[in-house]
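For reference, the structure discussed in these notes is given below.
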Amino acid sequence: MGILSRASYVVRSKLNALLNRAEDPTETLDYSYEQMRDELQDVKQGIADLTTQKKRLEIQKRRLEENVEKHNDQAREAVRQGRDDLARQALEKKQAKMSQIEELEGQIAELQSTQDDLVEKKNELQGRIEEFRTKKETMKARYEAAEASSRVSEAMTGVGDEMADVSRAIERAEERTDEMEARSEAMDELVDTGAFDEAMSDKDSIDRQLESGRTGAEVDSELETLKAEMGGADEGETEAADVEAESDAGEESAPDVDVSDAEVEAELEELKDDEN
């Protein structure tokens with residue numbers, strides 16, 4: 001295959017592919033149906049023309065048959081009048097007319113045969129057209145159903161793509177929301193720690209440390225004072241409690257107090273001296 005032949009083949013292939021994509025099967029079926037109907041109409045018109053021609057020949061045959069009868073009557077009348085010459089002329093015309101009639105009968109028979117064939121073909125073609133019409137409507141219904149299904153599938157595919165876009169948008173929104181919430185919590189934490197106050201203050205880090213130290217010393221001093229106050233109150237309460245406990249114990253334990261023998265002896269001696 002030469003270069004030009006190959007190029008021509010490729011071009012035809014491309015054109016056929018384009019035509020196939022652009023072709024609407026329903027339109028093609030309708031067009032084919034109309035073409036078949038046109039052919040049927042042509043056949044019917046041909047049958048009508050043929051029948052008309054046959055009728056003309058039949059009319060011409062009847063006229064010739066009438067002439068044959070006329071010439072036959074002329075020949076008989078001439079014989080009765082003794083005019084054989086006229087009778088011969090009449091019979092010659094009669095024979096000529098009969099030859100024409102025979103020829104017309106042959107033509108009429110041929111036309112009739114052709115008409116019968118055309119009528120048979122017309123009936124066959126009409127049956128095929130009706131069958132094709134049924135198939136055409138069935139194919140059109142199937143094609144339209146398939147086309148509708150295809151459109152629905154394409155629509156669903158488009159919806160799927162849109163839903164994927166929506167899902168991605170939702171994910172991005174969630175990520176953005178999480179980021180904003182984290183940022184808000186970070187800002188709150190910075191506010192609580194006073195980072196913003198430090199950033200907005202004119203004091204440097206040394207000033208802040210010194211101030212923190214003074215504040216800590218003041219707190220420690222106040223804490224010691226508080227401890228001292230709390231400690232003194234506790235000791236006073238403890239001493240009062242001890243005294244009260246000793247008093248109660250003395251009252252209850254007085255009969256049980258132990259006295260030394262020397263004191264007893266000394267007191268006994270003093271009593272003795274007083275009596276003497």
Side-chain angles (χ1 to χ4, degrees), residues 1-2 4-5 8-9 11-144:
M1 183 182 291
L4 295 178
S5 298
S8 176
Y9 178 78
V11 170
R12 288 197 302 271
S13 299
K14 296 293 185 182
L15 289 175
N16 288 332
L18 291 174
L19 290 175
N20 289 333
R21 285 196 295 269
E23 181 182 5
D24 187 351
T26 59
E27 294 180 357
T28 302
L29 291 173
D30 289 337
Y31 178 76
S32 299
Y33 178 71
E34 292 300 327
Q35 288 294 106
M36 295 177 70
R37 286 175 58 86
D38 291 342
E39 292 178 1
L40 178 62
Q41 188 64 32
D42 292 339
V43 171
K44 289 181 178 180
Q45 185 63 44
I47 293 173
D49 294 341
L50 185 62
T51 303
T52 301
Q53 186 63 28
K54 186 186 71 171
K55 291 298 182 182
R56 288 176 181 176
L57 295 179
E58 289 176 349
I59 293 172
Q60 188 175 355
K61 175 188 172 185
R62 286 197 299 270
R63 288 177 180 176
L64 289 174
E65 289 175 348
E66 292 174 357
N67 288 332
V68 167
E69 292 294 331
K70 178 182 177 181
H71 293 319
N72 192 28
D73 293 339
Q74 288 176 347
R76 289 175 182 177
E77 182 65 24
V79 171
R80 283 194 299 268
Q81 291 181 10
R83 297 288 306 270
D84 292 344
D85 56 339
L86 293 178
R88 184 179 294 277
Q89 290 179 5
L91 292 175
E92 289 176 353
K93 289 182 178 180
K94 175 184 174 181
Q95 291 297 327
K97 296 296 189 296
M98 290 183 66
S99 297
Q100 292 179 5
I101 290 173
E102 185 177 357
E103 183 179 356
L104 287 174
E105 287 178 348
Q107 293 179 2
I108 291 171
E110 290 180 0
L111 290 175
Q112 184 64 47
S113 177
T114 303
Q115 179 181 346
D116 293 339
D117 291 340
L118 288 177
V119 170
E120 183 178 356
K121 291 181 180 179
K122 186 265 295 181
N123 293 333
E124 181 181 358
L125 179 59
Q126 190 168 3
R128 290 176 59 190
I129 290 174
E130 291 299 324
E131 182 180 359
F132 178 78
R133 185 180 69 85
T134 302
K135 292 182 178 179
K136 174 181 73 73
E137 295 300 327
T138 302
M139 290 300 298
K140 286 179 63 177
R142 289 179 57 191
Y143 177 79
E144 291 175 356

Inset, instruction - Would you give the length of the straight line joining atom CG of L91 to atom CZ of R76, rounded to the nearest 0.5 angstrom? - result: 10.0 Å

Legend entry - E124 and K121 ion-paired at < 4.0 Å: no

Inset, instruction - Before giving the answer on salt bridge (charged side-chain N to carboxylate O under 4.0 Å, His left out), spell out for E131 and K135 the whole-Å C-alpha distance, their side-chain angles and the decisive distance to 0.1 Å. - result: CA-CA 6 Å; E131 182 180 359; K135 292 182 178 179; 3.5 Å; yes

Inset, instruction - Work out which heavy atom in A87 is nearest to a heavy atom in V79; give both atom names and the distance. - result: CB-CG2, 3.7 Å

Inset, instruction - Check whether any side-chain N or O of S113 sits under 3.5 Å from a backbone N or O of A109 as a donor-acceptor pair, and report yes or no. - result: no

Inset, instruction - Measure the shortest side-chain to side-chain distance between M139 and Y143 over non-hydrogen atoms and say whether it is less than 4.5 angstrom. - result: no

Legend entry - Residues in side chain to side chain donor-acceptor pair (under 3.5 Å) contact with D38, at least two apart in sequence or another chain: none

Legend entry - Gap between atom CZ of R37 and atom CZ of R133 - 0.5 Å precision: 9.0 Å

Inset, instruction - Please report the shortest heavy-atom distance between L125 and V43, naming the atom on each side. - result: CD2-CG2, 4.2 Å

Inset, instruction - Starting at CG of L111, measure out to CD of Q53 and round the result to the nearest 0.5 Å. - result: 6.5 Å

Inset, instruction - Give the C-alpha distance, both sets of side-chain angles, the deciding distance and a yes or no for salt bridge (charged side-chain N to carboxylate O under 4.0 Å, His left out) between E77 and R80. - result: CA-CA 5 Å; E77 182 65 24; R80 283 194 299 268; 2.4 Å; yes

Legend entry - Any donor-acceptor pair under 3.5 Å from N72 side chain to V68 backbone: no

Legend entry - Nearest-0.5 Å distance, CD of residue E110 to CD1 of residue I108: 11.0 Å

Inset, instruction - Sort and list the pairs that fulfil salt bridge (charged side-chain N to carboxylate O under 4.0 Å, His left out) and have at least one residue in residues 51-61, not counting sequence neighbours. - result: K55-E58, K61-E65, K61-E105

Legend entry - Atom of I129, atom of Y33 and distance for their closest heavy-atom approach: CG2-CE1, 3.6 Å

Inset, instruction - Could you tell me whether E120 atom CD has more than 12 heavy atoms of other residues or ligands within 6.0 Å of it? - result: no

Legend entry - Heavy-atom side-chain proximity of M98 to E102 below 4.5 angstrom: no

Legend entry - Straight-line distance of E92 CD to K97 NZ, nearest 0.5 Å: 11.5 Å

Inset, instruction - Hey, could you give me each pair passing salt bridge (charged side-chain N to carboxylate O under 4.0 Å, His left out) that has a residue in residues 39-53? Not counting sequence neighbours. - result: none

Inset, instruction - For Q89 and D85, test the side chains for any donor-to-acceptor distance below 3.5 angstrom and give the result as yes or no. - result: no

Inset, instruction - First locate atom CD of Q95, then atom NE2 of H71, and finally report the distance between them rounded to the nearest 0.5 Å. - result: 11.0 Å

Inset, instruction - Might you confirm whether atom NZ of K93 has over 12 heavy atoms from other residues, nucleotides or ligands at distances under 6.0 Å? - result: no

Legend entry - Which atom of K136 lies closest to which atom of D30, heavy atoms considered: NZ-OD1, 3.2 Å

Inset, instruction - Walk me through it: do I47 and Q115 pass the test side chain to side chain contact (heavy atoms under 4.5 Å, CB included)? - result: CA-CA 6 Å; I47 293 173; Q115 179 181 346; 4.3 Å; yes

Legend entry - Heavy-atom side-chain proximity of L86 to Q74 below 4.5 angstrom: no

